[in-house]
S.K.: 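I am attaching a structure below and will ask some questions about it afterwards.
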Amino acid sequence: MFLHQLPKENKLFTVKFDEYAKRHYLKRFMKDYKGRQWEVTEDSIFQDLSRIKMNTSDLQFTQQVDELWHKDNYWVFKYDFRIAQTKESTKTSGNRCVVFLDNTASKISILIIFGKNDLPKNVGERAFIEQTLDNEFGELMKLVG
C-alpha cells in the first residue's frame, strides 16, 4: 500500500522494462512460461501499472503494492503479480517487480522482476532489493533518498 498517495487523475502512465530487468530476469520468466501464458501476464502487469493513478484504480490502496521509498514526485515500490493460468494468489506466488515511478513525466520503469527462487541464498528480499538498487540504479535512488 502507498503511504504517500498519488493524486487521482484520469491519466495513464507509460510503462517499460528497464534494460537491467530485461538482461537479468525477464528472460527466465519468458523461458519458464512460454508463449501466451507469459504474454497475458506481461500485459496484465503493464495494464495494472499504467492505470495506477486513474480514478477507477485502487491499486495504490491494495496489498499488491508496497511503497519502499518516496520523495517529491518519485516513488519506488514493489508490485506483486501472479502468472496467468496458475492458481496461486499474487501474494503467495512470490513474483515481484520493483518499480520506479516518475509522477511528473507519467513514466514507470520496471527495474527488477523476480520470483522468490531468484533470490540469492542467505539474502532476504529487502536486502536483495536494496543491494541491487544501490549497485545498478544509484542515480534513481538519489531521487528518492
S.K.: Looking at CG of Asp66 and CG of Leu3, how far apart are the two atoms once the value is rounded to the nearest 0.5 Å?
M.R.: 9.5 Å

S.K.: To the nearest 0.5 Å, what is the distance between OG on Ser109 and NZ on Lys16?
M.R.: 3.5 Å

S.K.: Quick check: do Leu133 and Ile112 have side-chain heavy atoms less than 4.5 Å from each other?
M.R.: yes

S.K.: Do Val123 and Leu119 come close enough that some side-chain heavy atom pair is under 4.5 Å?
M.R.: no

S.K.: Find the distance between CZ (Phe46) and CD1 (Ile108) and round it off to the nearest 0.5 Å.
M.R.: 10.0 Å

S.K.: Return the minimal non-hydrogen interatomic distance between Ile83 and Thr86, and the atom names on each side.
M.R.: O-OG1, 2.6 Å

S.K.: Looking at Ser106 and Leu12, what are the two nearest heavy atoms and their distance?
M.R.: CB-O, 4.1 Å

S.K.: When you compare the side chain of Phe81 with that of Asp48, does any pair of heavy atoms fall below 4.5 Å?
M.R.: no

S.K.: Nearest 0.5 Å please: distance from the NZ atom of Lys53 over to the NZ atom of Lys11.
M.R.: 5.0 Å

S.K.: Please tell me whether Trp75 and Phe61 are part of a single hydrophobic cluster in this structure, the criterion being side-chain heavy atoms less than 4.5 Å apart.
M.R.: no

S.K.: Counting distance only, does the side-chain N/O of Lys116 pair as donor-acceptor with the main-chain N or O of Thr92 below 3.5 Å?
M.R.: yes

S.K.: Determine, using the 4.5 Å side-chain heavy-atom cutoff (strictly less than), whether Phe2 and Ile129 are members of one ILVMFWY cluster.
M.R.: yes

S.K.: Answer yes or no: is there a donor N or O on one side and an acceptor on the other, between the side chain of Lys27 and the main chain of His24, under 3.5 Å?
M.R.: no

S.K.: Could you check whether any side-chain N or O of Gln60 sits under 3.5 Å from a backbone N or O of Leu6, counting only pairs where one atom can act as donor and the other as acceptor?
M.R.: yes

S.K.: So for atom CE, which belongs to Met54, do other residues, nucleotides or ligands contribute more than 12 heavy atoms lying within a distance under 6.0 Å?
M.R.: yes

S.K.: Please tabulate, for the side chains in residues 35-42, all donor-acceptor contacts under 3.5 angstrom to protein atoms that are two or more places apart in sequence or on a different chain.
M.R.:
{"from": "Gln37", "atom 1": "NE2", "to": "Ala84", "atom 2": "O", "distance (Å)": "2.9"}
{"from": "Thr41", "atom 1": "OG1", "to": "Gln37", "atom 2": "O", "distance (Å)": "2.9"}
{"from": "Thr41", "atom 1": "OG1", "to": "Ala84", "atom 2": "N", "distance (Å)": "2.8"}

S.K.: Looking at CG of Asp43 and OG of Ser50, how far apart are the two atoms once the value is rounded to the nearest 0.5 Å?
M.R.: 9.0 Å

S.K.: Which residue, Glu67, Glu125, Glu130, forms the salt bridge (charged side-chain N to carboxylate O under 4.0 Å, His left out) with Lys78?
M.R.: Glu125

S.K.: Determine the minimum heavy-atom distance between Thr90 and Ser93, stating which atoms define it.
M.R.: O-OG, 3.1 Å

S.K.: Grouping I, L, V, M, F, W and Y whenever their side-chain heavy atoms are under 4.5 Å apart, do Ile110 and Leu59 come out in a common cluster?
M.R.: yes

S.K.: Could you report the tightest heavy-atom contact between Phe29 and Gly115, atom names first, then the distance?
M.R.: CZ-N, 3.8 Å

S.K.: Run the side-chain donor-acceptor check on residues 134-145: report pairs under 3.5 Å with partners two or more places apart or on a different chain.
M.R.:
{"from": "Asn135", "atom 1": "ND2", "to": "Gln131", "atom 2": "O", "distance (Å)": "3.2"}
{"from": "Glu139", "atom 1": "OE2", "to": "Lys142", "atom 2": "NZ", "distance (Å)": "3.3"}

S.K.: Using modelled atom types and a 3.5 Å cut-off, is there a donor and acceptor pairing between side-chain atoms of Asp72 and backbone atoms of Tyr74?
M.R.: no

S.K.: Just to verify, what does Asp80 make a salt bridge (charged side-chain N to carboxylate O under 4.0 Å, His left out) with, not counting sequence neighbours?
M.R.: Lys91, Arg96

S.K.: When rounded to the nearest 0.5 angstrom, what is the spacing between CZ in Phe17 and CD1 in Ile45?
M.R.: 5.5 Å

S.K.: Is there a side-chain contact between Glu19 and Lys22, using heavy atoms and a 4.5 Å cut-off?
M.R.: yes

S.K.: What do the steps show when you test Phe77 against Ile52 for side-chain contact (heavy atoms from CB on, under 4.5 Å), and what is the final call?
M.R.: CA-CA 12 Å; Phe77 64 95; Ile52 195 167; 4.0 Å; yes

S.K.: Please check if atom NZ in Lys8 has more than 12 non-hydrogen atoms from other residues, nucleotides or ligands closer than 6.0 Å.
M.R.: yes

